[in-house]
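Every chain is numbered from 1, with letters handed out A, B, ... down the list of sequences. Any value given below was found using the heavy atoms of this structure, including those in side chains, with hydrogens, waters and symmetry copies removed.
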2 protein chains.
Amino acid sequence: MPAKRPPVPLSRERIIEAALHIADGQGLRRLTMRRLGDALQVEAMAIYHHLPRGKEALMDALAEHVTTVAVEPSGAASWQEVARAWARAARTALLDHPGVLALALTKPPRGTALTAIREQTQQLAEAGLDDAPRAVRTLRAFVMGSVAVEIQRSGWAAGPADDDEDALPHPGPGSGTAALAGREGAEPAEEAVDAFERGLEAVLRGLAPA
Amino acid sequence: MPAKRPPVPLSRERIIEAALHIADGQGLRRLTMRRLGDALQVEAMAIYHHLPRGKEALMDALAEHVTTVAVEPSGAASWQEVARAWARAARTALLDHPGVLALALTKPPRGTALTAIREQTQQLAEAGLDDAPRAVRTLRAFVMGSVAVEIQRSGWAAGPADDDEDALPHPGPGSGTAALAGREGAEPAEEAVDAFERGLEAVLRGLAPA
DNA sequence: ACCTGAACACCGTTCAAGT
DNA sequence: ACCTGAACACCGTTCAAGT
């Protein structure tokens, strides 16, 4: 059998991963430094060595994580195609982690998330779009709003929201657009994709220069 | 001088009002049962008598409050006018309370908020719109996303988000669309209204049957 | 009916100490 | 350099008790 020490060194990445697991599985309110320590087989205080500002830094890191997306440049694309690619990537990233959506929609972009936004802006400008910064703001608003109603309708935060709940088990860690509940089996989640794609085309038309 | 007792009976409404004041002024994380009690000149435990499920009920009530809007029927309006009125009212209500935006974007609508959504749906249907439920979802997504980027850009949650911060004073209780900061005095908040109105028109065009 | 006081289990964070 | 243990101030919530 393997040696018991060292159990794995503990790193910013492992901390964030474990934190997302807890938040998605039990709600943001149950994400506790002590619980996070337990999940990482470590005392809670060890986390402060990797995230000096403590829980505040952790929350920032979580928001940054689910809000950082990358799309390869692909030089010959229209600005519409570029915009579609970014919007879809952003939606998927947010949908994957419903537990930290409240942070993602609320905290201003920082670090890698800000870099990603700049990259998106540049790609749109290079694809010939006039006011790329405005387009990015509009696209971000569209994606955030769409995901907000999707998560709300999924019943994910029925009890807890960015809070917590009492005992009911959460749907569990999100895996993409999977595992929606639906009031009476009514909404197959394909409807959500359709609504998103249709809305996206409307936004793109609204963004067109003419 | 007036008698010292009773200081004012304490009610659900007064509790919610005080809670909004704290959340908007210092961030959601600083909204504490004990602090809320202090603000109401009462022991924290007294709150449980008016909100039996405690903090969970308080959070639900706050989300419900900032998410409940009313628009008078005005029978002879086009569905576009009806949609505009609802969208503007919803935006203003959310913008007034940045401290609880995370709850509003995250918790599924309940109680009066749900009633308001049904009322909106009915008004749109009566104004001749075909798939009113879908339109309401699209409009809600648009409003939520727009407000999310507006609040993010205002720098309201620079430190705290739905969390808290350390010592920096918040911009203070929001008063409508007032008191945005702007990176270098760049964005006069009029730009935000313009973007909202333009986006709204694009959404309305996208919603049109043809 | 409405509020209080004391108590309990649990937080985030510090700091000195271990290795 | 990395982690631990004990400690401190502060949480949410309970319950019996006051009025």
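- Remark: P of D:dA16 and CE of B:M45 are 16 Å apart, rounded to the nearest angstrom.
- Salt-bridge formation is detected for the pair A:R91/A:E150: a Lys NZ or Arg NE/NH1/NH2 atom is positioned less than 4.0 Å from an Asp or Glu carboxylate oxygen.
- Checking side-chain atoms of A:S154 against main-chain N and O of A:W156 turns up a donor-acceptor pair under 3.5 Å.
- Side-chain N/O atoms of A:H50 include one lying less than 4.0 angstrom from OP1 or OP2 on D:dC3.
- Side-chain atoms of B:Q123 never come within 3.5 Å of backbone atoms of B:W86 as a donor-acceptor pair (strictly under, hydrogens ignored).
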I'd like a table of atom pairs between the protein and nucleotides 8-12 of chain D - only N or O on both sides, under 3.5 Å - with the distance next to each one.
unit_1 : atom_1 : unit_2 : atom_2 : d
D:dC11 : OP1    : B:R35  : NH2    : 3.0
D:dC11 : O5'    : B:T32  : OG1    : 3.3
D:dG12 : OP1    : B:M33  : N      : 3.3
D:dG12 : OP1    : B:K55  : NZ     : 2.9
D:dG12 : OP2    : B:M33  : N      : 2.9
D:dG12 : N7     : B:R34  : NH1    : 2.4
D:dG12 : O6     : B:R34  : NH2    : 3.1

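- Separating the CD1 atom of B:I47 from the P atom of D:dT13 is a distance of 10 Å, rounded to the nearest angstrom.
- At least one donor-acceptor pair under 3.5 Å links the side chain of B:S11 to the backbone N or O of B:R14.
- Of the charged side-chain nitrogens involved, none lies within less than 4.0 Å of a carboxylate oxygen, so that B:E197 and B:R84 do not count as a salt-bridged pair.
- Donor-acceptor pairing under 3.5 Å is recorded for the side chains of B:R140 and A:Q152.
- For the pair B:L40 CG and C:dC2 P, the computed distance is 15 Å after rounding to whole Å.
- Between the C1' atom of D:dT13 and the CD atom of B:E43 lies a distance of 14 Å, rounded to the nearest Å.
- One finds a salt bridge joining B:E56 and B:K107 here, because a Lys/Arg side-chain nitrogen approaches an Asp/Glu carboxylate oxygen to under 4.0 Å.
- When distances are taken from the side chain of A:H49 to each of C:dT4, D:dA1, D:dT4, the shortest belongs to D:dA1.
- Checked for salt-bridge contact, A:R137 and B:E191 meet the test: a charged N lies under 4.0 Å from a carboxylate O.
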Reading DNA chain C 5' to 3', how would its secondary structure be written in dot-bracket notation, given Watson-Crick and G-U pairs with both distances under 3.5 Å, brackets [ ] for crossing pairs and | for partners on other strands?
-> ||.|||||...|||||.||
